[in-house]
Trainee: 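Dropping a structure here in structure tokens format, bear with me for questions.
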Amino acid sequence: MLILAFFIIGKERKSNSPNTSSAEYTVTMKRFAMQEEAPWLKKTEDFERMESSYFNLKSKPFGWLKIANVDGAFSSSTRVLINIKRNNIFTPVNLYYFDGTAWKKRTFTSADNSHKDLIAVMPSTIESPIVYVQLSGRYLRGNLHILNDSELIRQSKKDSLIDGVYFGILVLFILFNLIIYKIFNKVSHLSYSLLLAITFIWIASGQGWTFFFNERLTTLPVFTPNSLGILFSFATALFARQYLQLKVISPRINQVIYYNQVLAITFWFLYLLTYQSLPHLFFQSGYLLCSINTLMILVGSTFGAVAGINRGRDNAKYYLLAMIVLFSIMICMSLSASGILNIPFSWHALQLASIIEVTILSTGLVVEHYQKHRDLKEIEHKLTALETEFKDYKIDTNSLKSNISNNLVDHHIIPVLAKILPIFPYLLFVKADGNYSVAYYKNENKTDEIFIDCNLQLLLDSLGEEKLLRCHKSYLVNVSQPYQLTRRTSADYDLVLGENKLPIGRKYLSTVRKCLKSLRE
């Protein structure tokens, strides 16, 4: 089905020529900042020549297309249709023609109730070799074709086949990932299903399929392309954090993406609450903020993928490749919308990019599964070698193995534990040093230190809060060592372990007091 989708969509892109029918005609365009009177009452020399069927109003809210008949297509014996193909044009589109006595107006109507194609039938009474099409809407983009009924039917069938193949593939991948989640309890597959489901609804809404199946859905702000685009950003952030295991690989990047994920869902709720009630300037400002938020999520995910590659995660390579594809598509879409690049970037092109991404990320999920299988074997081998020491210090190896396999604890912690367990009876405290740590322990009559290749949170997750106590964001203390509380100021306290004095964070003070009380009891 993937091969079929690539073939069909690729063929559709190649067939997007300026003239769908055999008729020859030329199209020129003029944009206006304000509603203008009919352009044939003014000079028309400044109309811009269109090299293809694609038009873009850019930042102007109004525009006119002038269609000049070349080989008599307008006076053909068969019914002639002017087709404007752009998903969801809800602003008025009108055709102006001369019937021999006066200029007449005819409104474009939707070929069906999806608003995927707007059609105007050329009247048989037309006398002028030139007709005009009036458009409205900032950054309105689309394609204009002159064709007959049979050509329109063939075009509709082809579009429906492409959409059917694409949405069928998405449904299969959604169901497959839900089954994998149910069987293996892999959270990344659940978040991927959510991402695919939102992508499904987003593209379906943008193409008018939601309006086709239920007209009431288009009146709900939840099903607008803007709303679903914000949800897409939220789902991307959630999937990136789980797929790349950023909590383990890079807590800082994970935190940045998490905050932007919260911002995305906040923007989504604000959009629902203020739908169509804000002035244009406020709406544009909100659109800009959402775009920056999405960009932050994508950039953070890209850096997370690089961090994963540096940590030897093979699935991160596939995520980085998917990000490159997504960035390329976003840049092309932005340049196309702004008019910098005159390329007809349609929803079918977005579908093709989506299929490429689904293929890449699904391959990455398979690679992740096999990598975890290899890692588990390596973990079991290392745990067997350390089994005696783990039993001596009462570390639950089954729980540790489960946490490692579920990416709650990095598998690189095993060599770290092998390094710290022999000195654990003499351990005083551990101090943060960036993403690393330094352990301080008693060595006869002096205090020595040892460098540890992990952060405090990872060490705390591995050994447990019953062995280590967090008294400050930069300090962990060994609860088996005798320590006491001393007041530094009226509100601040220190923790004293022999000759060492450690600060106590205010939010950790109650925990330290409870631990100290339980030890005394």
Trainee: Measure the spacing between CG of L321 and CD of E357 and express it to the nearest 0.5 Å.
Mentor: 9.0 Å
Trainee: Testing the basics here: between A235 and I198, what is the closest heavy-atom pair and its distance to 0.1 Å?
Mentor: CB-CD1, 3.7 Å
Trainee: Over all heavy atoms of both residues, which pair between F232 and T236 is shortest? Give the atoms and the distance, please.
Mentor: O-OG1, 2.7 Å
Trainee: Hey, does Y319 have a side-chain heavy atom less than 4.5 Å from the side chain of S301?
Mentor: yes
Trainee: What's the shortest heavy-atom distance between I360 and V325, and which atoms?
Mentor: CD1-CG2, 4.1 Å
Trainee: Does a donor on one side chain sit under 3.5 Å from an acceptor on the other, for T224 and Y271?
Mentor: yes
Trainee: Is the backbone of F223 close enough, under 3.5 Å, to the side chain of S205 for a donor and an acceptor to pair up by distance?
Mentor: yes
Trainee: Can you measure from NZ (K467) to CG (L459) and round to the nearest 0.5 angstrom?
Mentor: 12.0 Å
Trainee: Within the 3.5 Å criterion, strictly below it, is a donor on Q351 or D163 matched to an acceptor on the partner's side chain?
Mentor: yes
Trainee: Within the structure provided, determine whether N56 and Y54 are in side-chain contact (heavy-atom separation under 4.5 Å).
Mentor: yes
Trainee: Counting C-beta onward and ignoring hydrogens, is there a side-chain heavy-atom pair between L320 and I309 closer than 4.5 Å?
Mentor: yes
Trainee: Of all heavy-atom pairs between N455 and P251, which one has the smallest distance, and what is that distance?
Mentor: ND2-CG, 3.7 Å
Trainee: Between the side chains of R241 and N254, does any donor sit under 3.5 Å from an acceptor?
Mentor: yes
Trainee: Is L272 close to F267 at the side-chain level, that is, under 4.5 Å between some pair of heavy atoms?
Mentor: no
Trainee: Is there a side-chain contact between Y243 and Y192, using heavy atoms and a 4.5 Å cut-off?
Mentor: no
Trainee: How long is the straight-line distance from CG of L295 back to OG1 of T302, given to the nearest 0.5 Å?
Mentor: 9.0 Å
Trainee: Looking at every heavy atom in both S474 and L456, which two are closest together, and how far apart are they?
Mentor: C-CD1, 3.4 Å
Trainee: Is there a donor in the side chain of N83 and an acceptor in the side chain of Q155, or the other way round, less than 3.5 Å apart?
Mentor: yes
Trainee: Please round to the nearest 0.5 Å and tell me the distance separating atom CH2 of W202 and atom CG of L228.
Mentor: 8.5 Å
Trainee: So, does S191 use its side chain to make a donor-acceptor pair with the main chain of S188 at under 3.5 Å?
Mentor: yes
